[in-house]
Visitor: 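Before we start, here is the structure in question, set down as structure tokens.
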Amino acid sequence: MSEIPKAYNSQEVEDKIYEKWRESGFFNPDNLNLPKDKKNDKENRFVISMPPPNATGVLHLGHASMLAYQDLMIRYNRMDEKNVLWLPGTDHASIATQTKVEKIIAEKGQTKYDLGRENFLERVNKYVENSKNTIRKQTKKMGSSCDWDRERYTLDDGLSRAVKEVFVKMYNDKLIYRGDRIVNWCPRCESTLADDEVEHKDQKANLYYFKYQKDFPITIATTRPETKLGDTAVAVNPKDERYQKYIGQVFEIELGNGLHKIKIIADREVGMEFGTGALGVTPAHSMTDWEMAEKNNIEKIKIINEDGKMNASAGAGYKGLTVLEAREKFVKYLKKNNLIEKIEEVDQSLSVCYRCDTPIEPLPSKQWFVAVDQKITIKGNQYFQNKSLKEVALEVVNKSDEKNKDKIEIIPERFSKTYHNWMENLHDWCISRQIWFGHRMPVYYCFDCNLEKIKNNNLFKDRDGDEGFVTQLGTEDGKFIPAYEHLLRELEDGGKKIIDDDLEYFVDINPKKCPKCKSEKLFQNPDTLDTWFSSGLWTFSTLLNQDHKKYKTFEEWVANSPDLQNFHPTSVMETGYDILFFWIARMILMTTYTLGEVPFENVYLHGMVRDKQGRKMSKSLGNGIDPIEMIEKYGTDALRLSMIIGSSPGNDLRLFEEKIEGYRNFVNKLWNVSRYIIMNQESRIKNYEIDYENLTLADKWILEHLENLKYIVNNALENYQFSFAIDGEYGIRDFMWDKFADWYLEVSKVQGKNDVVLIYVLENLLKLCHPFIPFVTEQIWQEMGKEKLLMVEKWLKSKNEGIKLTQVNIDFNLIQGIISEIRRIKNENGISQKEKIDVVINYEIRKDLTQKDFDTIENNRNIIEALAVVKNLKIERKKEKPEGWIQFDCRVSVYVNIEDSIDKEKEAERIKKEIQEIEKYIKQIRSKLGNDNFIANAPADIVEKEREKYMESEEKKRKLEEKLKSLL
RNA sequence: GGGCGCUUAGCUCAGUUGGCUAGAGCAUCUCGUUUACACCGAGAGGGUCGGGGGUUCGAAUCCCUCAGCGCCCACCA
């Protein structure tokens, strides 16, 4: 049977194995052959909703690690006869994807406006189709056993309907409203951003100290002088004595752009130590200032437009300038008028867009929000009984110090503190985006109902802020088109932004006519929804019956979605801690509201993959590792192991090529262990039973450790300590390599093979390894001639409550100890391992050595002879050491005849060192045992142990001294 | 400014209710072409567990403090 290759060739087998799995149909829970009671028991489900990768290109190591952890959980539970569903998909990732495509077309010198909405979206969809394919391929490469039959995409028809349904439902429940307030605006994306989509970057900035005009009594300080053109107040701390007398006064100032009324107000938020202790309030372009203005009823002047340029309110000389140009010009003005007192360099944290790094402009805008503090009662919803979204989201997640099975548990638990803290401080969530790619909001306007307003109020403004409305417009070929069509075209093709201040709107999923006047001239709000709005529905929108058109109402649809009934809530949400707020929190908000169910029962947060130095992997640093390249080089199993081992919940993981290489070796070792066993089998054993009456010590020893291994692996998996299963004490690596390969197999070569034990151990080992390294284990399984797939073999539960080591282990350790010591003596004295030497094992009855131990050694003398390479092995009682032989001790005394080759001085030195160490140790124990407090307070077994250790050490010291004397 | 995490052998990391002379893999050194595997085997060296203090019979482990690194949150302009 030499057809099994010497080295495991991952390239050769992986794709074929994956095909086999896929063809078996077992990725799909509908095809699992479960006992009826298990199949129909909803409690017996195990469901993971795969966090959908963004549809923006390729998978990176972060995805690879996520797939490794999830597939491991999925495979383990599938083998354990759970009704397992792992649902894959992709996220349209509106801003990220749109930005990417914009960059691509920019290379050809195009903008999205050149293409128009429809063409641009077509371009985006083509791009997405492409990346979805790539992602699919790469996900398969990772060995992911997910159910491709249920693959979803956030822009699928069904999922899109879910988005609209939830929007309308929330609107009707007054949880979605339109509000006019200051928002985070990204001038490059030309869109709003949610609070958590804003990132902060530390940088140096100039802090300008100046007065608005010569006779103004207060000097203010700012890093953004240009915004002062929109100031309407100065805020000081109410306790600040310097400014007490001005509070409440109103000044009139002139900044070269008309008269401003500046009111002096008091606000506790103002720091007296910063700058001059006086803050120029620009309500329209600062979050803080906006709130102060709201409290104090102060006028808000918008001077910066959505394109990041100054508008007419900033003054004629400023209109059209960029923010930076305006700053330069205004500072020049201040200098010229001698108003600047000083300029200081300060540290400042600049707000930037998380997608394109552009500095954020806070500005007032009419946008749509989710009200997180609005209390509501929903019939049939266990959570919403006069509670707000925020309150429910806080309630359903365990706090870090509590354990409640009915609540979501976040692992590691420290993140539940982070979650609670964030949720408590959550503001209303801005969900409208001026992005083209995404779910368009189901908000409609009737052209006819609003016609007068449209005409009279010039409500349509173009992007430059120029106003105007025409009922008919000439096109290039000279034809005229009606206003409605013109309006639609403007909306669809971009370039114009609707300012829908006074327009009447209505919210509907798919309206055909105006509910009021029955006109069919409707136009939809061009804004799309925050991408996290749809991601927030992911765990259930993916399980809704995709054949949705049959169902008129949402409730009917839900009721007719068997997957939703069977698989929701999902079991574990496994994702990176970086999207705890973006995604986890949103899913909890949206799902508890929509279904009255939590989206998942547990959250497992993994860390980020970093390079060897702990740096983030990035293109600019060039330190990224391509998972596909690693798979080609070392195999998927090796890559998976390198991400599983060394990772713990919530902690970052360092990954580098040597590590992957190391696990390739591990995989290959398992391959060769199996190869040896399969090749040396007399015949293929199919049905077998272990003959427990006729087992050698080594047989019993390996079987005992296999039982322990089952416990270790099960325990590790149940507690999400994946790394521990392989790399921990008594883990898979220790068992497979150190115990099974290096000892048991070697012993079996000497004592004769027990094929049944070999096969039994191998099969069990493969089952335990499969969730971690599915490809190689499945391939070996096939090489063994199995008909069934290992993937659906029954999982091994542990009988143990913990690690149990019996006399068997002690006995085998005795033999191992003797062998290792003889090998060491040879090695240290320059004797070849192959050279057979004379050995006498001297045995004496002591407390810890009985006749049984003597028998053990005697019964296994062939192992000692072979593995330690010994001739004339004598096992005797109370035999004096032959003159000139070397003695060492490992529970028993062993005399070795190597006088000719021994370096006596070197050996003496070594023994002296050893004696010193043991003396130090004896001193430690003696002081412990001499301490009355220790005797009195420590548990009896600990004291007893210390006493034993003391006796042993004294004995060991005595023997070492004896040995030293004999050497000199 | 608030919160969290990390610091154990040259490197990457274990060490889960405080109690085996603190462990593993890689790297290093020595030896080895034993018919499963050189992607291997046999052995060896290497750490006052970041510093200081405290609690305790006993601390890598618990508490305090200092230092360094990293992350998250926050409206100090």
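Small disclaimer: the values here were computed from a predicted structure and weren't measured. Values reported hereafter were calculated over all heavy atoms of this structure, with side chains retained and with hydrogens, waters and symmetry mates removed. Just so it is clear: chains get the letters A, B, ... in the order the sequence lines come, proteins before strands, and each one is counted from 1.
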Visitor: Which residues in residues 340-352 of chain A have at least one heavy atom lying under 4.0 Å from any atom of RNA chain B?
Guide: none
Visitor: B:G43, OP1 or OP2 - any side-chain N/O from A:Lys826 closer than 4.0 Å?
Guide: no
Visitor: Please state how far atom CD1 in A:Ile645 lies from atom C1' in B:C26, giving the value in whole angstrom units.
Guide: 13 Å
Visitor: Please state the C1' separation for the pair B:G2 and B:G58 - nearest whole angstrom.
Guide: 37 Å
Visitor: Does A:Pro649 have any side chain to side chain contact (heavy atoms under 4.5 Å, CB included) partners at least two apart in sequence or in another chain, and if so, which?
Guide: A:Ile411, A:Pro412, A:Tyr604
Visitor: Categorize A:Arg224 for me: base, sugar-phosphate, or nothing, with a 4.0 angstrom heavy-atom threshold over every strand shown.
Guide: nothing
Visitor: Would you indicate, yes or no, if B:G5 has its OP1 or OP2 atom less than 4.0 angstrom from a side-chain nitrogen or oxygen of A:Arg414?
Guide: no
Visitor: Any donor-acceptor pair under 3.5 Å joining the side chain of A:Lys834 to the base of B:A42?
Guide: no
Visitor: Report yes or no: do A:Asn862 and A:Glu865 form a side-chain donor-acceptor pair below 3.5 Å?
Guide: no
Visitor: Could I get the full list of salt bridge (charged side-chain N to carboxylate O under 4.0 Å, His left out) partners for A:Lys295, not counting sequence neighbours?
Guide: A:Asp267
Visitor: Once Watson-Crick and G-U wobble pairs under 3.5 Å are found, how is RNA chain B written in dot-bracket notation, 5' to 3', with | for any base paired to another strand?
Guide: ((((((((.[[[[.)...(...]]]].(((((.......))))).....[[[[[..)....]]]]])))))))....
Visitor: Would A:Lys228 pass as a cation-pi partner of A:Phe210, given that its NZ or CZ must be under 6.0 Å from the six-membered ring centre and within 45 degrees of the axis?
Guide: no
Visitor: Say you pick atom C1' in B:G70 and the same atom in B:C75; how far apart are they, in whole Å?
Guide: 25 Å
Visitor: 5'-most contact on RNA chain B: A:Lys749 or A:Thr223, nearest heavy atom basis?
Guide: A:Lys749
Visitor: Taking the nucleotide of RNA chain B with the closest heavy atom to each, which residue, A:Ile925 or A:Ser286, is nearer the 5' end?
Guide: A:Ile925
Visitor: For A:Asp727, which contact category applies under a 4.0 Å heavy-atom criterion: base, sugar-phosphate, or nothing?
Guide: nothing
Visitor: Using the P atom on both, measure B:G3 against B:A59 and round to a whole Å.
Guide: 30 Å
Visitor: Would you mind telling me which of B:U21, B:C26, B:C37 lies closest to the side-chain atoms of A:Arg675?
Guide: B:C37
Visitor: Under 4.0 angstrom, heavy atoms only, what part of the nucleic acid is A:Lys923 near: base, sugar-phosphate, or nothing?
Guide: nothing
Visitor: Which label fits A:Trp737 and A:Phe666: parallel for a plane angle under 30°, tilted from 30 to 60°, or perpendicular past 60°?
Guide: tilted
Visitor: If I take atom CG from residue A:Asp611 and atom CG from residue A:Leu655, how far apart are they, to the nearest 0.5 angstrom?
Guide: 9.5 Å
Visitor: How about A:Tyr354 and A:Glu199: does a side-chain donor come under 3.5 Å of a side-chain acceptor?
Guide: no
Visitor: Taking B:A9 as the reference, what is the distance to B:A14 when you measure between their C1' atoms (whole Å, please)?
Guide: 13 Å
Visitor: Residues in salt bridge (charged side-chain N to carboxylate O under 4.0 Å, His left out) with A:Lys204, at least two apart?
Guide: A:Asp347
Visitor: What nucleic acid atoms does A:Lys928 come within less than 4.0 Å of, heavy atoms only: base, sugar-phosphate, or nothing?
Guide: nothing
Visitor: Nearest to the A:Tyr676 side chain among B:C57, B:U21, B:A36, which nucleotide is it?
Guide: B:A36
Visitor: Ignoring hydrogens and angles, are the base of B:A36 and the side chain of A:Glu746 linked by a donor-acceptor pair under 3.5 Å?
Guide: yes
Visitor: Holding to side chain to side chain donor-acceptor pair (under 3.5 Å), I want the full list of residues that pass it with A:Arg610, two or more places apart in sequence or in another chain.
Guide: A:Asp652
Visitor: Does a side chain donor of either A:Gln203 or A:Gln348 reach within less than 3.5 Å of an acceptor in the other side chain?
Guide: yes
Visitor: Name the pairs: protein N/O against N/O of nucleotides 38-40 of chain B, kept only if under 3.5 Å.
Guide:
residue: B:C39; atom: O4'; partner: A:Asn665; partner atom: OD1; Å: 2.9
residue: B:C39; atom: O2'; partner: A:Asn668; partner atom: ND2; Å: 3.0
residue: B:C39; atom: O2; partner: A:Arg664; partner atom: NE; Å: 3.1
residue: B:C40; atom: O3'; partner: A:Lys669; partner atom: NZ; Å: 3.1

Visitor: Could you give the distance separating B:G25 and B:U8 at their C1' atoms, to the nearest angstrom?
Guide: 15 Å
Visitor: Within the structure shown, what part of the strands sits under 4.0 Å from A:Glu946 by heavy-atom distance: base, sugar-phosphate, or nothing?
Guide: nothing
Visitor: When all nucleic acid strands are considered with a 4.0 Å heavy-atom cut-off, which category describes A:Val270: base, sugar-phosphate, or nothing?
Guide: base
Visitor: Which whole number of Å gives the distance between the C1' atom of B:C66 and that of B:A24?
Guide: 32 Å
Visitor: Among all residues two or more places apart in sequence or in another chain, which pass the side chain to side chain donor-acceptor pair (under 3.5 Å) test with A:Tyr720?
Guide: none
Visitor: From the list B:C11, B:C57, B:C75, which nucleotide is the closest neighbour of the side chain of A:Asn933?
Guide: B:C57
Visitor: Closest to the A:Arg733 side chain: B:U16, B:G25, B:A77?
Guide: B:G25
Visitor: Using atom P in both nucleotides, what's the gap between B:U65 and B:G46 to the nearest angstrom?
Guide: 37 Å
Visitor: Kindly point out which of B:C71, B:A36, B:C4 is positioned nearest to the side chain of A:Leu745?
Guide: B:A36
Visitor: Contact class for A:Ser820 vs. all strands (heavy atom < 4.0 Å): base, sugar-phosphate, or nothing?
Guide: sugar-phosphate
Visitor: Check every atom of B:A77, B:C13, B:A42 against the side chain of A:Thr222 and return the nucleotide holding the closest atom.
Guide: B:A77
Visitor: Not counting sequence neighbours, which residues clear salt bridge (charged side-chain N to carboxylate O under 4.0 Å, His left out) with A:Lys871? List them please.
Guide: none
Visitor: Is the ring centre of A:Tyr921 under 5.5 Å from the base ring centre of B:U21, and are the two planes under 30° apart, so that they stack?
Guide: yes
Visitor: Excluding sequence neighbours, so at least two apart, what forms salt bridge (charged side-chain N to carboxylate O under 4.0 Å, His left out) with A:Lys923?
Guide: none
Visitor: With a non-hydrogen cut-off below 4.0 angstrom, is A:Gln833 in contact with a base, only sugar-phosphate, or nothing?
Guide: sugar-phosphate
Visitor: Can you list every side-chain hydrogen bond (donor to acceptor under 3.5 Å, both in side chains) pair that touches residues 653-669 of chain A, not counting sequence neighbours?
Guide: A:Lys612-A:Glu658, A:Lys633-A:Glu657, A:Tyr634-A:Glu657
Visitor: When we call it a touch if two heavy atoms are under 4.0 Å apart, what does A:Gly271 touch: a base, just sugar-phosphate, or nothing?
Guide: base
Visitor: I'd like to know whether the aromatic ring centres of A:Phe330 and A:Tyr208 sit less than 6.0 Å apart in this structure.
Guide: no
Visitor: Of the residues in residues 935-945 of chain A, which ones touch RNA chain B at a heavy-atom distance under 4.0 Å?
Guide: A:Asn937, A:Ala938, A:Pro939, A:Ile942
Visitor: Should the side chain of A:Asn827 and the base of B:A42 be counted as holding a donor-acceptor pair, with the cut-off at 3.5 Å?
Guide: yes
Visitor: Choosing from B:A14, B:C57, B:G43, which nucleotide comes nearest the side chain of A:Arg824?
Guide: B:G43
Visitor: Once you apply a heavy-atom cut-off of 4.0 Å, does A:Lys920 come out as touching a base, just sugar-phosphate, or nothing?
Guide: nothing
Visitor: Please state the C1' separation for the pair B:C71 and B:U30 - nearest whole angstrom.
Guide: 45 Å
Visitor: Just checking, any donor-acceptor pair under 3.5 angstrom between side chains of A:Ser349 and A:Asp202?
Guide: no
Visitor: So, taking the atom named CD in A:Glu948 and the one named CG in A:Asp941, what distance separates them when rounded to the nearest 0.5 Å?
Guide: 10.5 Å
